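Please read the structure below before turning to the comments.
The shown structure was predicted, so the numbers you read here are calculated from the model rather than taken from an experiment.
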Amino acid sequence: MGKQLLSIRFHLTLLLIIINFSLNAQTISLENCFEMAKQKNITLKQAKSGFKTAEYNLQAEKNSYFPKIDLLSSYTYLSEPLTINLQSVKDGIVEGSSKQSVNTANQIYNEITGNNLPQAAQDRIYNTSKTIIGGIYPNYNPTLSEQSYFIAGLGIRQPIFLGNKLNSSVDLAQSVVNTAGFNVEAVDKEIAFLIAVQYLRILYLNSLIVKQQMIVDALDKNKSYAEELVKNEILPPYQKNWTNVVLIQAKSQFNAIQNEKQNAQIELNKLIGVELDTDLVILDTLKYNKVNLDEQTKEFWLANPAYKIANGRIAYAETAKKISKSLALPNVFAVGNFNLYQKDLPVTIPNWFVGLELQWTLFNAQTSKRISASKQLIDEAKLGEENAGLMLQVQSKVAKNKMQSLENDVIALDAARKEARTTCRLITERMKNQLSSPKDVNDALLVETEIEKVYYTAVFGYYIALAEYFNSIGEPTKITQFIK
């Protein structure tokens, strides 16, 4: 009677703990997990951030059509001021000026008299001019500028023709945006698949916990019955010890399953994007129901984001080829400059100027090889696309084959576990009539436990194969229709 009261108190205490836990915890379904992950999963947020980055880069490439305006300025300090070296040309200037004076006087005299100046007069004019000019000619080199000067202005550069480089750059950035978008979709679906797997794992562990608890309770009753038989000297003491050993082992297995469930919940919390120690209550167990799959649409893999990513690499490679070819074409820019400030310059610069600038690489040994490499990249991308489609087809067929095989296993194991229950019940009844021992009951219970575990493992594998199938066709969330 005392043991019964203790047992009742224990179960009441356990019930209160469970009720308190349920009030503080959050019950969650698979659909809730998918919705929360879309908002909170870190990997998905990272993929979306990458998509935004690609969009900004695309906008930047589109803005390449606009002119570029730079503020240009410079400050220059010379080791010494710029000077004009008049002494190096002195002799030539004096000689030339003297001869010019003689020639001028001779022309005037010729106009008046019709004759040239006498040679003596020409010599006197030449010598006099040479003396006068040589006397007044500077004997120093004048400074041309200050020792330092500063200039500032606005430089404008507008692309006019770049050999399709700008259009190709925009196309390349657009292909990156498309790929980033497909990557967001792929990450979203991959996370949904992983969440489905973890959720199924928790349901599987819940099923094992329920069955293991039933086994522990049965072994505990068997232990109590063995103690009564030993007390009445119907069984030897070692029989009671044996039931205790089996009970301890069953409790240890129960604790191990619970620990595995806790780890599975931590992994699920990470996928959902909540705190790792968040209490999410999932009490459902695995219940087998045969799934009749709809007929696959033709070329179903085309809608899978993994295939879209592979397809996007072709567009990227084709754009890269256009860019490689455009490197051989000329670049034409409109250029201009408007001076904002200039002081102490040796030469005065006009306030503004405009012009055209041509840049054309006439020879570059790398260009032809780059074009060849880009062509090869296109072939590689096409093979990658074909391989991606083939891999998705393989995954789909393998998943369906797994489901078919596991379906047969589940049917066979379900029949086996029912037989095991019946056998265990009959042996227990025989023990009550002292026709079998507690050890026989323990052995039967252990066999029943193993068959139950194998059964639920097969059911778990069946639903995992179903999740893999939906993931291969790009619809991982569709599994919620079959997990209620």
Just distance, no hydrogens or angles: give the donor-acceptor pairs under 3.5 Å from side chains in residues 157-181, sequence neighbours left out.
from	atom 1	to	atom 2	distance (Å)
R157	NH1	E357	OE1	3.3
R157	NH1	E357	OE2	3.0
R157	NH2	E357	OE2	2.9
Q158	NE2	Y65	O	2.9
N164	OD1	N167	ND2	3.1
N164	ND2	S168	OG	3.4
K165	NZ	L162	O	3.1
K165	NZ	S326	O	2.6
K165	NZ	L329	O	3.3
K165	NZ	N331	OD1	2.9
N167	OD1	Y65	OH	2.3
S168	OG	N164	O	2.8
S169	OG	K165	O	2.9
Q174	NE2	N178	OD1	3.1
S175	OG	L172	O	2.6
N178	ND2	Q174	O	3.4
T179	OG1	S175	O	2.9

Who are the ring pair (Phe, Tyr, Trp, His ring centres under 6.0 Å) partners of Y469, not counting sequence neighbours? none

By side-chain contact (heavy atoms from CB on, under 4.5 Å) - contacts of K375 (at least two apart): K321, I371

Output for pair (E31 CD, I28 CD1), nearest 0.5 Å, gives 10.0 Å

Is there a side-chain contact (heavy atoms from CB on, under 4.5 Å) between K261 and I257 once you walk through the steps? CA-CA 6 Å; K261 179 185 175 181; I257 297 172; 5.7 Å; no

How long is the straight-line distance from CG of L446 back to CD of Q249, given to the nearest 0.5 Å? 6.5 Å

Please table the atom pairs, donor to acceptor, closer than 3.5 Å between any side-chain atom in residues 298-315 and protein atoms at least two apart or in another chain.
from	atom 1	to	atom 2	distance (Å)
N304	OD1	A306	N	2.9
N304	ND2	N471	O	3.3
N304	ND2	S472	O	3.0
Y307	OH	E385	OE2	3.2
N311	ND2	E385	OE2	2.5

Answer yes or no: is there a side-chain heavy-atom contact under 4.5 Å between E468 and Q395? no

Sidechain N-carboxylate O distance under 4.0 Å for R201, E267: yes

Partner residues of F333 under the ring pair (Phe, Tyr, Trp, His ring centres under 6.0 Å) criterion, sequence neighbours left out: none

Between Q393 (side chain only) and G389 (backbone N and O only), is there a donor and an acceptor less than 3.5 Å apart? yes

Counting only heavy atoms not in Y316, do more than 12 fall under 6.0 Å of its OH? no

Heavy-atom side-chain contact between L154 and D70 under 4.5 Å: no

If we ignore hydrogens and angles and just use 3.5 Å, is the side chain of S49 paired with the main-chain N or O of K45 as donor and acceptor? no

Between side-chain atoms of residues 269-276 and protein atoms elsewhere (two or more places apart, or another chain), which donor-acceptor pairs fall under 3.5 Å?
from	atom 1	to	atom 2	distance (Å)
N269	ND2	Q265	O	3.4
N269	ND2	L276	O	2.9
N269	ND2	T278	O	3.1

Considering all heavy atoms, the nearest A196-L30 contact: CA-CD1, 4.1 Å

Is it true that atom CD1 of I42 has more than 12 heavy atoms of other residues, nucleotides or ligands lying nearer than 6.0 Å? no

Whether R417 engages the ring of Y456 as a cation-pi pair (distance to the six-membered ring centre under 6.0 angstrom, angle to the ring normal within 45°) should be assessed. yes

CA sep, side-chain torsions, deciding dist, call: E452, R421, salt bridge (Lys or Arg N to Asp or Glu O under 4.0 Å): CA-CA 10 Å; E452 290 284 357; R421 289 175 189 171; 3.1 Å; yes

Which residues pass the salt bridge (charged side-chain N to carboxylate O under 4.0 Å, His left out) test with K251, not counting sequence neighbours? none

Output for pair (L200 CG, Y463 OH), nearest 0.5 Å, gives 8.5 Å

Using the side-chain hydrogen bond (donor to acceptor under 3.5 Å, both in side chains) criterion, which residues pair with Q213? Sequence neighbours excluded. D217

Evaluate the side-chain proximity of T449 to Q212: yes if any heavy-atom separation is below 4.5 Å, no if none is. yes

To the nearest 0.5 angstrom, please state how far the OG1 atom of T285 sits from the CG atom of L203. 7.5 Å

Does CD in Q46 sit with more than 12 non-hydrogen atoms of other residues, nucleotides or ligands closer than 6.0 Å? no

Got a sec, which residues hit salt bridge (charged side-chain N to carboxylate O under 4.0 Å, His left out) with D188, two or more places apart in sequence or on another chain? K38

Listed partners of Y204 passing ring pair (Phe, Tyr, Trp, His ring centres under 6.0 Å), at least two apart: F460

With a 4.5 Å limit on heavy-atom distance, are the side chains of N289 and F482 in contact? no

Minimum heavy-atom separation for I479 to A467, with atom names? CD1-CB, 3.7 Å

Rounded to the nearest 0.5 Å, what's the gap from OG1 on T477 to CD on E35? Could you check? 10.5 Å

According to side-chain contact (heavy atoms from CB on, under 4.5 Å), who are the partners of T422, at least two apart in sequence or on a separate chain? R425, L426

Dump the intermediate steps for side-chain contact (heavy atoms from CB on, under 4.5 Å) on L293 and F470, then the final yes or no. CA-CA 10 Å; L293 298 174; F470 285 132; 4.2 Å; yes

If you compare all heavy atoms of A47 against all heavy atoms of V187, which two are closest, and at what distance to 0.1 Å? CB-CG2, 4.0 Å

According to the ring pair (Phe, Tyr, Trp, His ring centres under 6.0 Å) rule, which pairs have a member within residues 248-295, sequence neighbours left out? Y288-Y462

Hey, does the side chain of N41 reach the backbone of T43 with a donor-acceptor pair shorter than 3.5 angstrom? yes

To check you understand the geometry: which heavy-atom pair defines the closest contact between M403 and A465, and what is its length? CG-CB, 3.6 Å

Is there a side-chain contact between Q198 and L194 in this structure, where contact means two heavy atoms from C-beta onward sitting under 4.5 Å apart? no

What are the two closest non-hydrogen atoms of A416 and I451, and how far apart are they? C-CG2, 4.0 Å

So Q59 and K62, do their side chains get closer than 4.5 Å, heavy atoms only? no

For residues L44 and V184, determine if any side-chain heavy atom of one lies less than 4.5 Å from a side-chain heavy atom of the other. yes

With a 4.5 Å cut-off on side-chain heavy atoms, are L383 and E386 touching? yes

Any side-chain to backbone donor/acceptor pair from K189 onto G474? Under 3.5 Å, distance only. yes

Kindly determine whether N337 and N339 satisfy side-chain contact (heavy atoms from CB on, under 4.5 Å), including the steps that lead there. CA-CA 6 Å; N337 187 80; N339 286 324; 3.2 Å; yes

About how many Å separate OG1 of T423 and CG of L445, when rounded to the nearest 0.5 Å? 11.5 Å

If you measure only the distance, is there a donor-acceptor pair under 3.5 Å linking the side chains of S252 and N255? no

Minimal non-hydrogen separation, I195 against A37, with atom names: CD1-CB, 3.4 Å

